[in-house]
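Note sheet for the following structure.
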Amino acid sequence: MSLDFEDQIVELENRIEELIKLNAAPDVQFDTEIAELKKKVQQLIKETYGNLSPWQVVHVARHQDRPHFEDYIEGMSSEFIELHGDRCYGDDRAMICGFATIDGQKVMLIGMSKGRTTNEKIANNFGMANPEGYRKALRLMRLAERYNIPIVCLIDTPAAYPGKEAEERGQAEAIARNLTEMASIETPIIVVITGEGGSGGALGIAVGDIVMMLSFAIYSVIPPEGCAAILWRDSEKAPDAAKALKITAKELLELGVIDEIINEPPGGAHRNKETTILAVKEAILRHLKTLEHVGRKKLVNKRFEKFVKLGKFDDRKYSSH
Amino acid sequence: MSLDFEDQIVELENRIEELIKLNAAPDVQFDTEIAELKKKVQQLIKETYGNLSPWQVVHVARHQDRPHFEDYIEGMSSEFIELHGDRCYGDDRAMICGFATIDGQKVMLIGMSKGRTTNEKIANNFGMANPEGYRKALRLMRLAERYNIPIVCLIDTPAAYPGKEAEERGQAEAIARNLTEMASIETPIIVVITGEGGSGGALGIAVGDIVMMLSFAIYSVIPPEGCAAILWRDSEKAPDAAKALKITAKELLELGVIDEIINEPPGGAHRNKETTILAVKEAILRHLKTLEHVGRKKLVNKRFEKFVKLGKFDDRKYSSH
Amino acid sequence: MAWFSKTKQRKSSIDKDELWAVCDSCKAHVYREEWEKNLKVCPKCGYHERITCQQRLQLTIDEGTFEELDSDIEISDPLKFSDAKSSYADKAADTKAKTGLNEAVLTGFGTLNGISVVIAIMDFRFFGGSLGSGTGDKILLASDYALRHKQPYIVFSASGGARMQEGIISLMQMAKTCAGISRLNKAGVPYISVLTNPTFGGVSASYAMVGDINIAEPGALIGFAGRRVIEQTIKQKLPENFQTSEYLLEHGFIDAIVERKKIKSFLHSVLQYSMRK
Amino acid sequence: MAWFSKTKQRKSSIDKDELWAVCDSCKAHVYREEWEKNLKVCPKCGYHERITCQQRLQLTIDEGTFEELDSDIEISDPLKFSDAKSSYADKAADTKAKTGLNEAVLTGFGTLNGISVVIAIMDFRFFGGSLGSGTGDKILLASDYALRHKQPYIVFSASGGARMQEGIISLMQMAKTCAGISRLNKAGVPYISVLTNPTFGGVSASYAMVGDINIAEPGALIGFAGRRVIEQTIKQKLPENFQTSEYLLEHGFIDAIVERKKIKSFLHSVLQYSMRK
Ligand SMILES: [Zn+2]
Ligand SMILES: [Zn+2]
């Protein structure tokens with residue numbers, strides 16, 4: 001997959017690769033050309049990615065070559081022990097949970113998994129969790145609380161699955177229950193939106209003490225296409241909706257919805273997975289270090305205050321607890 | 001349905017009824033005969049029911065005219081508000097739960113419902129609960145704890161349902177979870193086995209501070225037929241198995257498994273529902289009165305001690321908590 | 001979460017005629033007076049037409065006991081949102097003028113057959129009962145009042161879901177309102193949720209679905225995703241009773257279905273069991 | 001809960017030959033020495049043959065660190081039970097003589113790669129691993145030891161279910177052992193359940209299924225009711241993989257399936273996450 005606004009970049013990148021190949025032959029010398037093209041492509045990337053429209057960011061956030069949850073597991077942790085099942089109905093492959101060790105730090109790592117191959121995508125329901133996914137996550141968050149280890153949630157989902165059986169098994173209840181319970185979990189919760197933060201489906205594991213976003217991730221109450229179809233009566237107006245909805249990291253930081261932006265390398269996470277993953281890892285470890293010293297009751301109170309202030313009409317006092 | 005050992009009793013009862021009808025005619029007088037027969041039938045009932053074999057008790061316990069959970073609801077409580085659903089998968093009609101007022105006392109009333117008509121029996125799965133039944137009961141027990149009202153469980157079930165889907169949805173887990181959680185619920189739990197106390201299916205809501213049994217109820221780890229088929233290799237030997245298993249109220253009181261026998265009227269609960277229900281009601285209210293004064297932590301500790309001592313090898317000390 | 005817009009545009013045929021009301025469900029013509037007396041429940045088919053928050057208040061709280069909370073909280077426009085035709089601010093002004101409401105929920109306290117309760121009542125007329133930041137603020141502030149006074153909290157929901165025009169801030173109201181419910185749970189303060197037609201998306205997936213007791217009116221539509229979205233996703237027709245109260249009860253998510261005229265006494269009964277000594 | 005009797009009678013073809021073992025699952029002939037070295041896991045099909053509690057102990061606890069608890073607890077016969085042919089007391093004496101065990105579970109404490117743990121290991125040879133009152137006592141006493149010493153509790157289950165010959169007293173062991181687990185939960189003491197082939201009835205429906213983490217060996221049969229009982233009830237054939245570890249994992253009840261030879265290191269890894277600071 002390539003993005004249309006990247007056409008020129010990709011063309012140049014291809015040329016460079018060709019020249020590098022040719023350069024290997026004995027009697028040619030393209031060193032100068034290559035160096036020049038490289039400079040040019042870097043300039044172009046900088047310009048393009050420095051000025052992406054919200055709608056272009058949507059495409060970057062959805063890029064299939066972005067690092068997936070599996071890549072983060074592999075890149076961030078020296079150990080990952082997957083734990084399955086909600087102890088009630090099933091084991092949702094769209095929601096992966098397990099013990100992980102990140103730079104010696106033990107955590108409960110939870111994330112959505114979109115899948116890469118067609119088979120994986122189908123098995124993982126394209127990263128759209130069913131109720132049993134949210135319930136598995138909650139079960140293991142409660143276990144983390146009991147074991148006194150922090151929780152890290154990586155979010156990349158188009159939405160909670162809008163299917164018949166998901167409704168039957170209580171998609172609304174499962175998300176609502178998570179929002180309610182996560183508000184009272186007495187262990188640190190760190191959230192990173194790494195790709196798509198799709199509405200309630202994302203929020204269902206995103207009630208954290210620290211919420212971060214990659215610079216080209218999105219977080220939205222509705223997909224821009226859906227919003228455009230309803231309010232513009234034309235899903236082609238998605239770029240307008242994307243702009244109006246304020247779904248990019250920078251806008252969300254300004255709104256106070258997220259606490260920090262984790263910068264992606266030039267040209268986006270799909271151009272350099274490793275650097276991206278290390279940046280995410282660094283940010284997580286940094287916040288874990290701070291949060292581990294906060295008393296548990298205080299932690300829960302601060303989490304409450306954090307979400308309460310979002311959209312708060314004025315400064316009338318909520319009772320502190 | 002009539003029980004074979006009741007043949008003579010039922011014959012006499014029918015004769016009495018006939019005579020009473022005839023007696024209504026102007027020119028006949030059977031008063032003496034009726035009185036005599038009544039005396040005789042009472043004598044016979046006393047003799048028969050005073051000497052029932054365990055296998056005969058099994059039949060009385062399963063008698064379809066015994067009061068069902070619905071009869072207890074109606075006969076004991078001035079108000080019953082049914083509460084549905086496990087908030088996860090379904091609403092099990094074999095397990096009925098709700099708020100009830102018994103003589104002014106507010107309780108959470110939980111019971112198995114076998115159903116009376118063919119349609120009801122099918123809808124209620126013959127009183128055999130599925131995992132969602134146990135989960136509904138647990139949800140509402142936890143609510144009772146939060147609302148600080150006692151829990152009353154009436155038990156009448158052949159077994160937890162041994163079906164394919166029950167296995168898929170975790171019959172074992174659901175029962176195990178209830179046993180674990182009921183051990184820590186900080187509100188009084190009173191259990192009455194009113195008919196069949198069928199193994200794990202019964203125990204799943206029977207971890208109580210006070211466990212009582214009607215005098216012709218049974219409580220067993222396995223149906224006598226099943227035990228006979230395995231250990232005697234002949235299910236016809238069920239009467240022997242019934243005897244060997246010690247499943248009657250008197251034996252279970254001696255073993256310390258139950259705390260009290262609630263006497264049924266002469267001839268069994270199926271001969272006089274009203275009296276039976278009132279006796280159950282009286283016993284429940286009496287124990288509620290005592291238990292309400294026990295501190296919550298102490299209550300849970302005493303419940304622990306109660307179950308721990310069953311089969312306890314010797315007097316080595318468990319840590320008190 | 002975008003389900004409500006479709007519903008919002010449905011013109012109620014009920015308002016057209018002064019003498020006759022036409023039931024939106026069975027299309028029966030009913031004397032308006034009889035229908036109003038029956039609390040806008042169709043005497044033919046039992047369909048529960050939506051009612052305003054003032055009507056609901058009247059049906060629920062003892063006369064003369066209600067005191068409103070946070071009536072000054074109104075719409076905020078965190079995104080300065082505009083679509084092709086108009087700005088959210090303009091639409092908000094319109095809606096406020098038409099409905100006389102400041103937000104999609106009315107909150108306050110009063111007595112219910114003599115029991116002190118805190119109440120929040122959503123009104124579908126106001127942006128399809130959608131969950132704006134003002135809505136979330138009011139619902140949270142009322143739960144906080146209930147917490148401080150240890151009084152039961154009752155919420156009547158009616159909502160198409162999140163309020164798109166407030167974008168992510170609308171989504172955050174789900175976490176915020178649930179955080180308030182979480183505190184009630186911890187403190188043992190009763191919370192009863194009453195789901196009325198319709199309750200979807202961001203409201204069903206937050207406070208509406210986590211009542212100690214979830215009550216629904218008969219035939220109310222309740223769900224996460226809208227019917228059309230699901231049909232498009234699974235490329236199948238859905239059963240007729242899909243997402244009705246009755247369907248949800250069968251699937252374990254609703255404690256009881258109660259007719260409109262019996263809700264007050266039902267709530268009164270249930271509260272008798274919830275008053276921690 | 002009567003499933004085990006059928007299994008109990010299955011004669012293992014493995015014990016017949018000194019040089020060759022025959023896999024109970026794929027019927028392959030395997031060099032006994034190779035098979036034993038492979039921890040009684042068939043090198044052809046991966047079938048995990050049952051092992052004794054002593055073998056399991058050796059595979060799990062560091063050499064020389066194990067101290068047994070309550071070894072003096074033996075069978076009690078609360079019902080004075082006899083069937084047509086023999087008394088439970090006689091059978092018990094037989095079983096004790098044959099197995100050298102006093103009960104269906106071995107309990108004690110020791111270290112696992114250096115971590116102090118409390119452990120209970122069931123042995124299917126002893127009345128099909130059924131849950132007698134002595135079994136229940138030992139499992140509870142060991143959990144109590146874990147509670148007092150704040151050490152993780154690990155239980156290996158292998159059981160046909162309740163022990164019929166102890167009637168209702170056997171049933172009560174379910175409540176009793178779970179009461180012990182409940183105290184561990186409250187105190188934040190880790191409890192790991194390892195389910196091995198087979199785990200059914202009264203054991204699966206009590207402590208075995210409520211681990212903080214439930215681990216199972218590959219292909220182990222785990223369920224509430226036995227396959228035959230279910231087929232008789234529903235009058236249908238069941239799928240081939242019904243009640244296998246893999247089936248249970250898919251349905252949400254098992255956290256991880258771990259091969260026999262990796263269980264010790266898996267437990268060690270998991271315990272790293274559970275040690276409350
Ligand atoms: Zn109608
Ligand atoms: Zn094999």
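Note that the coordinates shown come from a computational prediction; the quantities given were computed from them, not determined experimentally.
- Interface check for chain B: of the options D:M172, D:K80, D:K138, D:E250, the most heavy-atom pairs under 4.5 Å are formed by D:M172.
- The contact between B:L252 and chain D is made entirely by side chain atoms (from C-beta outward), counting heavy-atom distances below 4.5 Å.
- For B:A166, no part lies under 4.5 angstrom from a heavy atom of chain D.
- For D:A179 against B:A183, the heavy-atom pair with the smallest separation is CA-CB, 3.7 Å.
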Exercise for review: Evaluate the criterion side-chain hydrogen bond (donor to acceptor under 3.5 Å, both in side chains) for residue pair D:Y247 and B:E167; output intermediate values, then yes/no.
Suggested key: CA-CA 10 Å; D:Y247 182 91; B:E167 294 285 325; over 6 Å; no
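- Contact count against chain B (heavy-atom pairs under 4.5 Å) is highest for D:F242 among D:F242, D:Y207, D:Y88.
- Residues D:I168 and B:I247 are not in side-chain contact: their nearest non-hydrogen atoms beyond the backbone lie 4.5 Å or more apart.
- Both the backbone and the side chain of B:V308 come within contact range of chain D, with heavy atoms under 4.5 Å apart.
- Counting heavy atoms from C-beta outward, D:L171 and B:S199 have side chains that approach closer than 4.5 Å.
- Proximity to chain D is absent for every atom of B:R303, based on heavy atoms less than 4.5 angstrom apart.
- Heavy-atom pairs under 4.5 Å with chain B were tallied for D:T233, D:L238, D:I181; the largest tally goes to D:T233.
- Looking at B:S184, the atoms closer than 4.5 Å to chain D (heavy atoms on both sides) sit in the backbone and in the side chain alike.
- Side chains of B:F307 and D:T177 form no contact here, defined as non-hydrogen atoms less than 4.5 Å apart.
- Both the backbone and the side chain of D:I230 come within contact range of chain B, each with at least one heavy atom under 4.5 Å from a heavy atom of that chain.
- Heavy-atom minimum distance, B:G311 versus D:D137: O-OD2, 2.9 Å.
- The contact between B:L245 and chain D is made by backbone and side chain atoms together, counting heavy-atom distances below 4.5 Å.
- For the pair D:I234 and B:Y161, the minimum side-chain heavy-atom distance is below 4.5 Å.
- Within the 4.5 Å cutoff, the side chain of D:M209 has no heavy atoms near those of the B:Q171 side chain.
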